Chemist: 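Before I ask anything, here is the structure I am working with.
Small disclaimer: the values here were computed from a predicted structure and weren't measured.
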Amino acid sequence: MADAPRYRFAPSPTGMFHVGGARTALHNWALARRTGGTFVLRIEDTDEARNRPEWTEGIIEALAWIGISADDPHFEGPLYQSHYAGAHLEAAERLYREGFAYYCDMTPEQIQERAKAEGTTGYGGWSRDLGLEPAPGRVLRFKVPMGTTVVHDQVRGDVEFDNGVIEDFVLVRGNGTPVFILANVVDDMSMGITNVVRAEEHLPNTPKQQMLWTALGHEPPVWAHVPVLVNEQRKKLSKRRDKVALEQYRDEGYLADAMVNYLMTLGWSPGEEEIQPWSAMEETFRLEDVNLSPAFFDLKKLTAFNGEYIRKLSPDELFDACRPFLPDEWGDEPFRSMVPYVQERLKTLAEAPSTVDFMYVADPEIDDDAWNKAFAPDYAVPLLSDVVEAYATCDWDHATLKSTMEQLMERYEIKLGKAQAATRVALTGRSVGPPLFEALEVMGRDESLRRMRAALERIG
RNA sequence: GCCCCCAUCGUCUAGUGGCCUAGGACACCACCCUUUCAAGGUGGCGGCACGGGUUCGAAUCCCGUUGGGGGUGCCA
């Protein structure tokens, strides 16, 4: 118990919160909760130029949306990296003092020139033995030792790096600020992080971080690098090219549960049935079972998941979920009554308004193709006239409305599918929509008859 | 260029030497059901990248090739 694991999620607030980040957060969250450990949220806000406070808010809100809540006892934070700058510099100072790092006065341009001249690439450790003192403009570099570094990775097994190909990397910039690699390690150390679960893009700098842990006198954490998420071109999902903002999916009517479930199936399988509640996935998720190759973020499949989750909601839940997507001027009715009939037709909540909009306007726009097709048959007008007449007096419930039409259509030897077409267009202006008799019932006799008569008049 | 990672249907995956004539899901197609559209049901299409080994036996182990991806900043 004294050694309850401490996981962490360390996003940088440089843009909208990303689906890839969400998946990594979910992995950490599942592990922290199942093991009775802690999920530390650390905001890496040390990129002075790119980070903005509203992005931090966005991250916290997005995490809450997918169920990673600051109210949960397993949650710790948010902690802000910028608050620990002193510790980062202290560690840098110590590394310098103990001979693990040295100052270098070469500019990036000079480095490039010299490398070119020598026919090499990167920094060749040229200032390593110059014994330069700290001074403004000089960077502090880590003195990468000889040998090999083996990273024990829970997803990938042991990964070996030849230290000879790792150049002496910068720890502190010429302006005196610490770089990510140092800040990240120092924070993980001081926050007692035991498990680092992050995306594969960090694997190449893991040996550097591991060297820092060792130089600073600590045992490195347990590493795990999960594969990245890619687009259809199989490139890492990027904020610039791809639609990746979690918030955007929320605004387009995706359910958090569907998103969470879908994200978890990328690179991992929850078992026989892929639609699983979070509580179950939290129990079964294991890093050892995570796939090793990049996974395509497939909007089609996410949408399919979303449809399934929408169908699982109760009518009341679905109504509440849809409410924000309905125009403000619309009242709850008749949508509320229509919910059961549109439920299995929705793939996203945002589609809700278009399934019932004909009920909210007096004269819905008429689709000409639908109209022409519905009124093309000879029986269309006479049948509609009969229906209008019968509907004027019959009981007004969907069962009666249906059986009434069935009786009237008999003499034309057609099926209900054809018989209802004209009435549907008269009512909705379209050829498709929610079940007709149910819609009639909800809409009421007066308005229904008015529209049907208007249609007959229009025909002439 | 160099370093690292990876490779099962179009996509996400199951599969850890014999249960595989490779299973499921999404997408697609057909049919059924039907009050349009959906939803649902049934069926179909479609894959172990390639070449060598190891083994009685390989999708599973090893090597190579090819192909993808990630990284290579005084960004995180």
Chemist: Should we count NZ of A/Lys243 as having more than 12 external heavy atoms under 6.0 Å?
Modeler: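 Yes.
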Chemist: Just compare B/A76, B/C6, B/U11 and give me whichever is closest to any side-chain atom of A/Thr46.
Modeler: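 Taking heavy atoms from C-beta onward, the closest nucleotide is B/A76.
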Chemist: Could you work out the separation of B/U55 and B/G71 based on their P atoms and round it to a whole Å?
Modeler: 42 Å
Chemist: Drop me the distance from A/Glu288's CD to A/Gln154's CD, to the nearest 0.5 angstrom.
Modeler: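 The CD atom of A/Glu288 sits 5.0 Å away from the CD atom of A/Gln154.
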Chemist: For the side chain of A/Leu416, counting heavy atoms from C-beta on, which of B/C3, B/U35, B/U11 is nearest?
Modeler: B/U35
Chemist: If you look at every strand shown and take non-hydrogen atoms under 4.0 Å, does A/Pro434 touch a base, only sugar-phosphate, or nothing?
Modeler: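 Answer is base: heavy atoms of A/Pro434 come under 4.0 Å of a base.
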Chemist: Below 4.0 angstrom, which residues in residues 337-357 of chain A have at least one non-hydrogen atom near RNA chain B?
Modeler: A/Glu344, A/Arg345, A/Lys347
Chemist: Tell me which nucleotide, if any, is Watson-Crick or G-U wobble paired with B/A59 when both distances must be under 3.5 Å.
Modeler: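 Pairing partner: none.
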Chemist: Would you please classify the geometry between the A/Phe285 ring and the A/His27 ring as parallel, tilted or perpendicular, with 30° and 60° separating the classes?
Modeler: parallel
Chemist: List in numerical order all residues of residues 371-385 of chain A for which some heavy atom is under 4.0 Å away from an atom belonging to RNA chain B.
Modeler: none
Chemist: Which whole-number value in Å describes the distance from A/Arg311 CZ to B/A38 P?
Modeler: 12 Å
Chemist: Using the P atom on both, measure B/G17 against B/A58 and round to a whole Å.
Modeler: 14 Å
Chemist: Between atom CG in A/Leu292 and atom C1' in B/G15, what is the gap in whole Å?
Modeler: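 Spelled out: CG on A/Leu292 to C1' on B/G15 is 15 Å.
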Chemist: Protein within reach of the bases, or only the backbone? For nucleotides 67-74 of chain B, mark each nucleotide 5' to 3' as B, S or -, using heavy atoms under 4.0 Å.
Modeler: --SBS--B
Chemist: Identify, between A/Pro435 and A/Thr121, the residue whose nearest nucleotide on RNA chain B lies closer to the 5' end.
Modeler: A/Thr121
Chemist: To the nearest Å, give me how far apart CZ (A/Arg430) and P (B/A38) are.
Modeler: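 After rounding, the gap between these two atoms is 14 Å.
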Chemist: Can you identify which nucleotide, out of B/U13, B/C12, B/U11, has its nearest atom closest to the A/Asn291 side chain?
Modeler: B/U13
Chemist: Could you tell me which residues satisfy ring-ring contact (aromatic ring centres under 6.0 Å, His included) with A/Tyr80, sequence neighbours excluded, listed by chain and number?
Modeler: A/His83
Chemist: For a quick test of reading the model: is some side-chain N or O of A/Lys300 closer than 4.0 Å to OP1 or OP2 of B/A27?
Modeler: no
Chemist: Please report the distance, rounded to the nearest Å, between CZ in A/Phe180 and P in B/A76.
Modeler: 8 Å
Chemist: In whole Å, what separates the P atom of B/U66 from that of B/G23?
Modeler: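 Roughly 32 Å separates the two P atoms.
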Chemist: Atom CD of residue position A/Gln112 - does it have more than 12 heavy atoms of other residues, nucleotides or ligands inside 6.0 Å?
Modeler: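 Not buried by this count: 12 neighbours or fewer within 6.0 Å.
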Chemist: If pairing requires Watson-Crick or G-U wobble contacts with both distances under 3.5 Å, which nucleotide is the partner of B/A30?
Modeler: B/U42
Chemist: Which whole-number value in Å describes the distance from A/Gln209 CD to B/C4 P?
Modeler: 18 Å
Chemist: Could you tell me the separation between the OH atom of A/Tyr123 and the C1' atom of B/C3, rounded to a whole number of Å?
Modeler: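 Interatomic distance, OH of A/Tyr123 to C1' of B/C3: 20 Å.
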Chemist: Quick check: does any side chain N or O of A/Asp298 sit under 3.5 Å from a backbone N or O of A/Lys300, one acting as donor and the other as acceptor?
Modeler: yes
Chemist: Would a line drawn from the ring center of A/Phe297 to the ring center of A/Tyr262 be shorter than 6.0 Å?
Modeler: yes
Chemist: Between protein and nucleic acid, restricted to nucleotides 42-45 of chain B and to nitrogen or oxygen atoms under 3.5 Å apart, what atom pairs and distances do you find?
Modeler:
none

Chemist: Between B/C26 and B/U72, how far apart are the P atoms? Round to whole Å, please.
Modeler: 39 Å
Chemist: Taking for each residue the nucleotide of RNA chain B with the nearest heavy atom, is it A/His398 or A/Pro227 whose nucleotide lies nearer the 5' end?
Modeler: A/Pro227
Chemist: Under the side-chain hydrogen bond (donor to acceptor under 3.5 Å, both in side chains) definition, can you give me all pairs with a residue in residues 416-429 of chain A, not counting sequence neighbours?
Modeler: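 The answer is A/Gln420-A/Arg424.
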Chemist: Under 6.0 Å from the six-membered ring centre of A/Tyr102 and within 45° of its axis: does the NZ or CZ of A/Arg128 meet both?
Modeler: no
Chemist: Compare the minimum distances between each of B/C5, B/A14, B/U35 and the side chain of A/Lys402, then state the nucleotide with the smallest one.
Modeler: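 The answer is B/U35.
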Chemist: Using atom CG of A/Leu440 as one end and atom C1' of B/U35 as the other, report the distance to the nearest whole Å.
Modeler: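 My rounded result for the distance is 11 Å.
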Chemist: Under the ring-ring contact (aromatic ring centres under 6.0 Å, His included) rule, collect the residues that match up with A/Phe39, sequence neighbours excluded.
Modeler: A/Trp29, A/Phe75
Chemist: Show every donor-acceptor pair shorter than 3.5 Å between a side-chain atom in residues 138-145 of chain A and any protein atom, with sequence neighbours excluded, or say none if there are none.
Modeler:
unit_1	atom_1	unit_2	atom_2	d
A/Arg138	NH1	A/Glu133	O	2.7
A/Arg141	NH1	A/Asp168	O	2.7

Chemist: What is the separation between atom CZ on A/Phe296 and atom C1' on B/A7, rounded to the nearest whole Å?
Modeler: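 After rounding, the reported distance stands at 18 Å.
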Chemist: I'd like to know if the side chain of A/Glu252 pairs up with that of A/Thr348 as donor and acceptor (distance under 3.5 Å, no hydrogens or angles considered).
Modeler: no
Chemist: When you check the side-chain N and O atoms of A/Arg198 and A/Thr206, is any donor under 3.5 Å from an acceptor?
Modeler: yes
Chemist: Are more than 12 heavy atoms from other residues, nucleotides or ligands located less than 6.0 Å from atom CD of A/Glu413?
Modeler: no
Chemist: Between B/C63 and B/C4, how far apart are the two P atoms, rounded to whole Å?
Modeler: 14 Å
Chemist: Check the side chains of A/Trp223 and A/Gln210 for a donor-acceptor pair under 3.5 angstrom, ignoring hydrogens and angles.
Modeler: yes
Chemist: Please state the C1' separation for the pair B/G43 and B/U36 - nearest whole angstrom.
Modeler: 25 Å
Chemist: Report the base-pairing partner of B/C50 (Watson-Crick or G-U wobble, both distances below 3.5 angstrom), or none.
Modeler: B/G64
Chemist: Between B/U60 and B/U8, how far is it from one P atom to the other, in whole Å?
Modeler: 12 Å
Chemist: Could you verify whether a donor N or O on one side chain and an acceptor N or O on the other, from A/Thr303 and A/Asn306, lie under 3.5 Å apart?
Modeler: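 No - no donor-acceptor pair under 3.5 Å links their side chains.
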Chemist: Protein-nucleotides 30-32 of chain B N/O pairs closer than 3.5 Å?
Modeler:
none

Chemist: Quantified in whole Å, what is the P atom distance between nucleotide B/A22 and nucleotide B/G47?
Modeler: 10 Å
Chemist: Would you indicate what A/Arg156 reaches in the nucleic acid, counting non-hydrogen atoms under 4.0 angstrom: base, sugar-phosphate, or nothing?
Modeler: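 Sugar-phosphate only.
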Chemist: Do A/Asp316 and A/Ser314 meet the criterion of a side-chain donor-acceptor pair at a distance under 3.5 Å?
Modeler: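 Short answer, no.
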Chemist: Write down the protein N/O and nucleotide N/O pairs, taken from nucleotides 46-49 of chain B, whose separation is under 3.5 Å; answer none if there are no such pairs.
Modeler:
none

Chemist: Return yes if a side-chain donor-acceptor contact under 3.5 Å exists between A/Asn163 and A/Thr149, otherwise no.
Modeler: yes
Chemist: Do A/Ile193 and A/Tyr7 have side-chain heavy atoms sitting under 4.5 Å apart?
Modeler: no
Chemist: Main chain of A/Gly58, side chain of A/Glu247: is a donor-acceptor contact present, judged purely on distance under 3.5 Å?
Modeler: no
Chemist: If you look only at pairs with a residue in residues 371-387 of chain A, which of them pass as a side-chain hydrogen bond (donor to acceptor under 3.5 Å, both in side chains), with sequence neighbours excluded?
Modeler: A/Asp386-A/Arg411
Chemist: Counting side-chain heavy atoms from C-beta on, which of B/A7, B/U36, B/A76 comes nearest to A/Val432?
Modeler: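 Closest nucleotide among those given: B/U36.
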Chemist: Please collect all side-chain hydrogen bond (donor to acceptor under 3.5 Å, both in side chains) contacts where either partner lies in residues 8-17 of chain A, sequence neighbours excluded, each pair once.
Modeler: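 Sorted result for residues 8-17 of chain A: A/Arg8-A/Asn184, A/Arg8-A/Asp188.
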